[in-house]
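Worksheet: the structure to be examined is printed underneath.
First the proteins, then the strands, lettered A, B, ... as listed; each starts at 1.
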Amino acid sequence: MTSRHSNWRLDKNSEPSGSKPYNRPKRPPGLRGRAIGLWYRDQMAKKRLDQSSLEVENEDFSSSRARAKEAKLQRKKSFEKLKDEKPLGSILLSDQKKKNINILLNETLDMYPSLQSKNITSYEHLSDTEFKHEFLQHIRGNMMENLKRKCQISKYDNEAENERFLDELKDKKKKHAYKQMQNVRNILPSMKMKKEIIDLIHNNQITVISGETGCGKTTQVAQFILDDLIEKGQGSQCKIICTQPRRISAISVAERVAAERDENIGGSVGFQIRLEKVMPRNRGSILFCTTGVLLKRMETDPSLNEISHIILDEIHERDIISDFLITVLKDVIQFRKDIKIILMSATLNSEAFSKYYNEAPHINIPGFTYPVQEYFLEDVLQMTNFKFEDNRPIWRKKMSVGRKREWHEFIEPYIRQLEAEKKYSRHVTNELRNLEYERVDINLIFELLLKLCFSQKNNDDGAILIFVPGLADIQKLSKLMKESEKFPMSKFIIIPLHSQLPTMDQKQIFKPAPKGTKKIIIATNIAETSITIDDVTTVIDCGFIKISNVDTETGIETLNAEMVSQANAAQRKGRAGRVKPGICYHLITKIRYDLLDKFLKPEVLRKRLEDVILQLKMLQLGKAESFLSKLMDPPESKLVQVSLNLLQRLGALNSEENLTPLGYHMAKLPVPAQCSKMLILASLFSCVDPILSIAASLGFKEANQLSVSQDDSDKRKYQLSMGTKSDHIAMHYALRGYEDAEYKYGFCKEFFLSSSILRLLIEMRKQFAQHLFDMKFTSSSHPRSPSDNLNSDNVALIKAIISAGLYPNVAVVTGCKRVPKLRSVSHEKMEFHPKSVLSKEKSFSSPLIVYHTRIKSSSLYIHDGTIVFPLSLVFFGDQFRIHEKTSNDRFSGVSINGTMRFVCTQSTASAIQNLRDRLNQILEWKVSHPGQVSWAEDNPELRILKTIMELITMEDNEDLDLSDYDDN
DNA sequence: GAGCACTGC
């Protein structure tokens, strides 16, 4: 007795109507056993290959069908296993309630008659609304077609403007301030290559410009283009967009360039980042924006109409959005022969970009930095006489095959060579030989610091910058320095630098230390690119970096310290040579340095792909797999499938991998997919305020800050959760508290919150609220409008909506001795991350937890959780099924997900099922006919939603005894 | 008992 697989996509049939039938190829006679299997495998592979080259709509039907089949098989398997699952709770409904539900269901039959329509995948049954028009146009469109259509627009040229811009520039050149700026600019290496750069850009559609820090490419190239065109009397044709990977750099570069032009921002130069912009004049202008802004712009303006030049800066960083952009632009230039693309990168990997763009011409600008002397671990050991702790001889049996080979082929011979050269003492080579494994050694950093700060010959007054992987290392080193009493505050300014630590006095970080004191900065890789401290002359690079990764098979994300790449090491070293010659200590051996990878894996290979896939769907780029295969480094097919499967389960994509109405809304909102689902539900249930805060926090970051010394911040977060046993609701209370606080600074200080993050979160809330209003889900664009917040104080309802969004991320509490014990629904061991308020919980009134983020580091941690009750999951989960007592299954009740069962009577089960079906009808209808639910009158929609709300609220108030669920 | 860094008209 399986209820239809309901997940409010308007797409229940997995059989695509109107698609071509799938012709199973006939296998040649004479094959046997394994050979048959192999033959079919090859056929499938061939078919997939053939189809990926076809145009968008017919593509890959066979594999989606295979996927559906696989999913069905999995489901069948899990139902078998379900028999062994202990029930995770029970559902109790009084006879009176069931009676009322049945009356209600009868009275609200045929709420939406057109939903009964058979031809549901074509969406023709939808009422004729603005939304239907917009949606159908979107899912039927494809980017190439749009480009063909839109690129016919003739070139913009305005004589009057041309003249005005030229006169303006001539006048400016006479001004003293402008001339002075010009003198500063003239020193830059890029200035010497101005003509070459302009010519190259002029003569080619694509240009790759490389250059190291200090060459001035970021500030100059856009100005070269603009001034050149103005001087040619073509200023009005010029409209440049220059992207930056970070918000701050977009603003600061714009400010810098405006200053160089003796202007304020908003003239010929502007910037645009999310939630903040100062636009330049329409023509003869340069806009500095973040990569994300450009990508979003392309959703509505794929042909980049009116734009004359796109400059993508810092693409060597290989972040997802930049990688994505260079691929999309490859398509755009086919139709916009007049647009110019300029790719700017560091010298190291610029060749690769040139190659990716079909051997595009490439120009290198020499950089200007002071020389930096490099030392390696062997030198540091010699200097400090350091001895590694617990340094047992290498137990080579334990090493992986690769490590073993590495040791025998390179490292061991290198040490032998050092011994032969006798450049280093016996002590050094012994330590290297006995090094069990390479890791960050805080004691070594400390010893090196002592040497640097207290040996006579060192009278350098520059700052010392230490790179460590994470907060734990910052804390350890700070503690060590403090306890040694060798670094008194009178002589040393010690600055920890980490994105989640409160930024102490800003000026202190950037201004040189007063005479007689030394500045020591202990930083994560935030100091590699995001924060630049000019007066650094000594860098200590521990050689490790924390880096996120993803398991291609399971999709589990990880965060662990790994060895840096040569590019990282070079960047870190470069931080010592900004104002004068410097020194860099790499705490790895020279041979290890040579063996390092050239670059880190690009981000797109280290992240889950749900959001990228939604973005590419929004840009109408066709099948995920075939578009992603065009990237410079295509992600593994298996991982694409994992992400596609989740999006399909969430109801964002249908079986043909097209956006559903729900998916369309999800992709439009700038939050993770699961959060947008929450937002839509919140508007239907009239409780947007809390969910807006939660979606903003999950999509951006929590406002809670950390501290270097002891941690009161966890206790304060616990207070903020107000006993709701939910990190998510704590996020809501943090924002509400901040908004309502009269003395905001004091509030932030008391609760260890970052006011700058809170302010951004509040702006994001407004942005989402505006979206919901524009989509007609709410009656007001104000986040706290009373009419959209009738139920915002109903904690049980908020939790239910959180669980509806975060599903299928469910964890189960299995016990609670010292700390809560946790497992996933598929029985993996998990833990609450210590920052979660739930990690301190002693008793659980329900074993069910929903979460957003799960990362494997030292353990598989859930970073944020909310405790929920069975009904929320039963109403909003998928694969709902009723179980009857039979001879081989003594269980009577319902199950969801093929993994979670709940005990109830048959009559309760069927009442729940019917109510659930009706709820799904409402949700299906609502996402495709956006409109508010009127809470003012007694309409059928409202009566159903209210009934569900009442059931959920009631359940939360019953205190259940955890001992029922304890595995022990 | 522990949290690299970014981003979204």
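- OP1 and OP2 of B/dA5 both lie 4.0 Å or more from every side-chain N or O belonging to A/K546.
- Each of B/dC6, B/dC4, B/dG8 was ranked by its minimum atom distance to the side chain of A/R274; first place goes to B/dG8.
- Between A/F700 and A/H498, it is A/H498 whose nearest contact on DNA chain B lies nearer the 5' terminus.
- Relative to the six-membered ring of A/Y156, A/R283 meets both conditions, a distance below 6.0 Å and an angle of at most 45° to the axis.
- A/K840 has its NZ atom 9 Å from the C1' atom of B/dG1, to the nearest Å.
- Separating the CG atom in A/L761 from the OG atom in A/S693 is a distance of 8.0 Å, to the nearest 0.5 Å.
- Between A/F627 and A/F324, a ring centre-to-centre spacing shorter than 6.0 Å is recorded.
- Within 4.0 Å (heavy atoms only), A/I273 reaches sugar-phosphate atoms of the nucleic acid but no base atom.
- Considering CD of A/E438 and CZ of A/F544, their distance stands at 6.5 Å, rounded to 0.5 Å.
- A/E317 has its CD atom 12 Å from the C1' atom of B/dT7, to the nearest Å.
- Which of B/dA2, B/dT7, B/dA5 sits closest to the side chain of A/S858 comes down to B/dA2.
- Atom-to-atom, CE of A/M764 to C1' of B/dC6 comes out at 12 Å; the value is rounded to the nearest Å.
- Looking at heavy-atom distances under 4.0 Å, A/R818 makes contact with sugar-phosphate atoms alone, never a base.
- Here B/dG8 presents its P atom at 15 Å from NZ of A/K607, a figure rounded to the nearest Å.
- A salt bridge between A/E763 and A/K766 is present, with a side-chain N of the basic residue lying under 4.0 Å from a carboxylate O of the acidic one.
- Remark: P of B/dT7 and CE of A/M298 are 20 Å apart, rounded to the nearest angstrom.
- Other residues, nucleotides and ligands place more than 12 heavy atoms under 6.0 Å from the CD atom of A/E134.
- Across all strands shown, A/Q767 has heavy atoms under 4.0 Å from sugar-phosphate atoms exclusively, and none from any base.
- Neither OP1 nor OP2 of B/dG3 sits under 4.0 Å from any side-chain N or O of A/Y861.
- For A/K856, the NZ atom is loosely surrounded, since the number of other residues' heavy atoms within 6.0 Å does not exceed 12.
- If you check B/dA2, B/dG8, B/dC4 against the side chain of A/D714, the one that comes closest is B/dA2.
- Nearest to the side chain of A/S499, among B/dA5, B/dG3, B/dT7, sits B/dA5.
- Within the 4.0 Å cut-off from OP1 or OP2 of B/dA5, not a single side-chain nitrogen or oxygen of A/R606 is found.
- Each of A/V819 and A/N525 has a nearest nucleotide on DNA chain B; the 5'-most of these lies closest to A/V819.
- The CD atom of A/Q705 sits 13 Å away from the C1' atom of B/dG3 (whole-angstrom rounding).
- Counting to the nearest Å, the P atom of B/dT7 and the CD1 atom of A/I526 are 10 Å from each other.
- Comparing B/dG8, B/dG3, B/dC6 by their closest approach to the side chain of A/P670 singles out B/dG8.
- Residue contacts for A/I547: at a heavy-atom cut-off of 4.0 Å it reaches no nucleic acid atom on any strand shown.
- Neither OP1 nor OP2 of B/dC4 sits under 4.0 Å from any side-chain N or O of A/S548.
- Between A/S857 and B/dG3 there is a side-chain N or O to OP1 or OP2 distance below 4.0 Å.
- For A/R247, counting side-chain heavy atoms from C-beta on, the closest listed nucleotide (B/dC6, B/dG8, B/dC4) is B/dG8.
- The side chain of A/H833 lies closest to B/dG3, out of B/dG3, B/dG1, B/dG8.
- Atom P of nucleotide B/dG8 and atom CG of A/L294 are separated by 12 Å, given to the nearest angstrom.
- Distances were taken from every side-chain heavy atom of A/E603 (C-beta onward) to each of B/dG3, B/dT7, B/dA5; the shortest belongs to B/dA5.
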